[in-house]
Amino acid sequence: MSITPFQALACPLDGEPLHVAGNTWRCAAGHSFDIAKQGYVNLLPVQQKRSHDPGDSKAMVAARQRFLDAGHYQPIAEAVSNAVLSHAEVQAVGNPPFSCLDAGCGEGYYLRQLVDAATDTQPLSLMGLDISKWAVLAAAKQDAKQMPLSSWVVGSNAHLPVQTGTLDSVLCMFGFPVVSEFARVLKTEGVLLQVEAGTNHLRELREVIYPTLKPERSTETEVPEGFTHHSRERVSYSLALNGSEEIADLLAMTPHLYRASAEGRARAAALDVLNVTVDVHVAQWRRL
């Protein structure tokens, strides 16, 4: 399997290319960023932070890791991996590795699933980025158990520390898309893959924690500026959660944890069994 860490990083302070020497990434202006012993690099300067510890907390990352490692979102991961690898297959012979960034990678689940699904004929160059240092730390630790297969970076989607026009694919999994930045870092004909919640996603959980549900908004997404529509796939299935721990982990890894009232969270905590609908859309956009 030919899988390597993505190397075309850019300085978050001046946008110039970064080059690695030993355990440090450095640009021509002398800005330097040390690689942590766990194998990740922090490219989120203080002026790009909106809080002291942005992104998911350590507890949220742990909850997501338990939930995803249990295989509950495996069908989503398979749909994403199949989409990425179908693009990689087209350029596999005689070309550089297919480069893919997971923008908002969390603890790295979807990139690990992509690695597992790849074949020996599909060389990949991978990078996971998240604004949460706890998420990136968890991803790097798991990656290091085998071998470092990806670049793991603490950074912001609003200021991607990636050189312009160097990526074949960008993943945005339930995240915060910054279309202008995604367009900048993608090559012409590169693919942006977005996974977004559908109308019925986790409906049963939402019915427990909220007094009433808001009117459903349209799931039709406008074509992002600089892109053209490529494809759209729906992934929908029923998921049985057994035990209060699994239900608590699901709630903890979603924004609903903070949106729900104390009473709503208490109702969820009292459940031992919950059948929920997973309903997402996998949209692909091609860079013009």
Side-chain angles (χ1 to χ4, degrees), residues 2-58 60-62 64-65 96-112 114-115 123-173 175-176 178 181-182 184-186:
S2 177
I3 298 177
T4 57
F6 180 74
Q7 299 289 305
L9 301 182
C11 177
L13 298 174
D14 59 20
E16 292 301 310
L18 288 175
H19 303 281
V20 67
N23 291 321
T24 302
W25 287 93
R26 184 175 284 106
C27 74
H31 302 128
S32 61
F33 308 88
D34 293 336
I35 300 172
K37 63 180 180 180
Q38 295 87 355
Y40 71 91
V41 60
N42 192 328
L43 298 181
L44 183 66
V46 65
Q47 53 265 48
Q48 292 180 14
K49 292 184 179 182
R50 294 185 177 180
S51 66
H52 174 69
D53 191 15
D56 291 346
S57 67
K58 191 175 183 179
M60 289 180 69
V61 170
R64 180 178 292 107
Q65 185 171 333
F98 186 89
S99 54
C100 179
L101 162 68
D102 187 350
C105 65
E107 43 65 70
Y109 172 75
Y110 293 102
L111 283 187
R112 291 196 302 276
L114 178 60
V115 169
L124 301 174
S125 176
L126 304 177
M127 173 179 168
L129 174 142
D130 204 287
I131 201 168
S132 165
K133 67 179 181 183
W134 303 112
V136 174
L137 175 60
K141 282 183 174 179
Q142 291 180 87
D143 198 9
K145 292 177 181 177
Q146 301 171 345
M147 58 179 294
L149 298 173
S150 306
S151 291
W152 299 107
V153 176
V154 178
S156 168
N157 284 356
H159 305 278
L160 289 173
V162 175
Q163 295 174 34
T164 298
T166 54
L167 285 162
D168 294 297
S169 181
V170 171
L171 311 181
C172 186
M173 310 289 301
F176 299 93
V178 183
E181 273 294 270
F182 294 165
R184 181 184 66 80
V185 298
L186 279 166

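Computed from a predicted structure; not experimentally measured.
The salt bridge (charged side-chain N to carboxylate O under 4.0 Å, His left out) pairs that include a residue from residues 129-139 number zero, where partners must be two or more places apart or lie in different chains. Applying the salt bridge (charged side-chain N to carboxylate O under 4.0 Å, His left out) test to residues at least two apart or on different chains, none of the pairs has a partner in residues 21-32.
Here the shortest heavy-atom pairing between Val170 and Ala103 reads CG1-CB, 4.2 Å. When all heavy atoms are compared, the tightest approach of Leu18 to Cys27 is CD2-N, 3.5 Å. Here the closest non-hydrogen pair linking Leu43 and Pro161 is CD1-CB, 3.7 Å. Closest non-hydrogen pair, Ser125 versus Phe6, comes out as OG-CA, 3.2 Å. The minimum heavy-atom distance linking Ile35 with Gly22 is given by the pair CD1-O, 4.3 Å.
With sequence neighbours excluded, the residues satisfying side-chain contact (heavy atoms from CB on, under 4.5 Å) with Lys141 are Gln38, Leu137. For Asn23, there are no side chain to side chain donor-acceptor pair (under 3.5 Å) partners two or more places apart in sequence or in a different chain. Applying the side-chain contact (heavy atoms from CB on, under 4.5 Å) test to Arg112 and every residue at least two apart in sequence or in another chain returns Asp69, Glu107, Tyr109, Gln142.
In this structure, Ser151 OG and Leu129 CG are separated by 10.5 Å, a value rounded to the nearest 0.5 Å. For the atom pair Thr24 OG1 and His19 NE2, the distance stands at 14.0 Å (nearest 0.5 Å). To the nearest 0.5 Å, atom CZ of residue Arg184 and atom CD of residue Gln163 are 9.5 Å apart. The CG atom of Leu111 lies 6.0 Å from the SG atom of Cys100; values are rounded to the nearest 0.5 Å. How far OG of Ser32 is from CH2 of Trp25: 13.5 Å, rounded to the nearest 0.5 Å.
Here the side chains of Leu167 and Met127 are not in contact, with every heavy-atom distance at 4.5 Å or above. Contact annotation: the side chain of Leu44 approaches that of Pro54 to within less than 4.5 Å [non-hydrogen atoms, C-beta and beyond].
Checked by atom type and distance alone, the side chain of Asp56 never pairs as donor or acceptor with a backbone atom of Gly106 at under 3.5 Å. Using modelled atom types, no side-chain atom of Asp102 and backbone atom of Tyr110 make a donor-acceptor pair closer than 3.5 Å. Judged by distance alone, the side chain of Ser99 and the main-chain N or O of Thr166 form a donor-acceptor pair under 3.5 Å.
Under the side chain to side chain contact (heavy atoms under 4.5 Å, CB included) test applied with Leu126, the options Leu101, Leu114, Thr4 reduce to a single match, Leu114. Checking Val41, Val20, Asn42 one by one against Phe33, the side chain to side chain contact (heavy atoms under 4.5 Å, CB included) holds for a single residue, Val41.
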Could you pull out every donor-acceptor pair under 3.5 Å between side chains of residues 7-14 and any protein atom, sequence neighbours left out?
from	atom 1	to	atom 2	distance (Å)
Gln7	NE2	Pro5	O	3.3
Asp14	OD1	Glu16	N	2.9
Asp14	OD2	His31	ND1	3.2

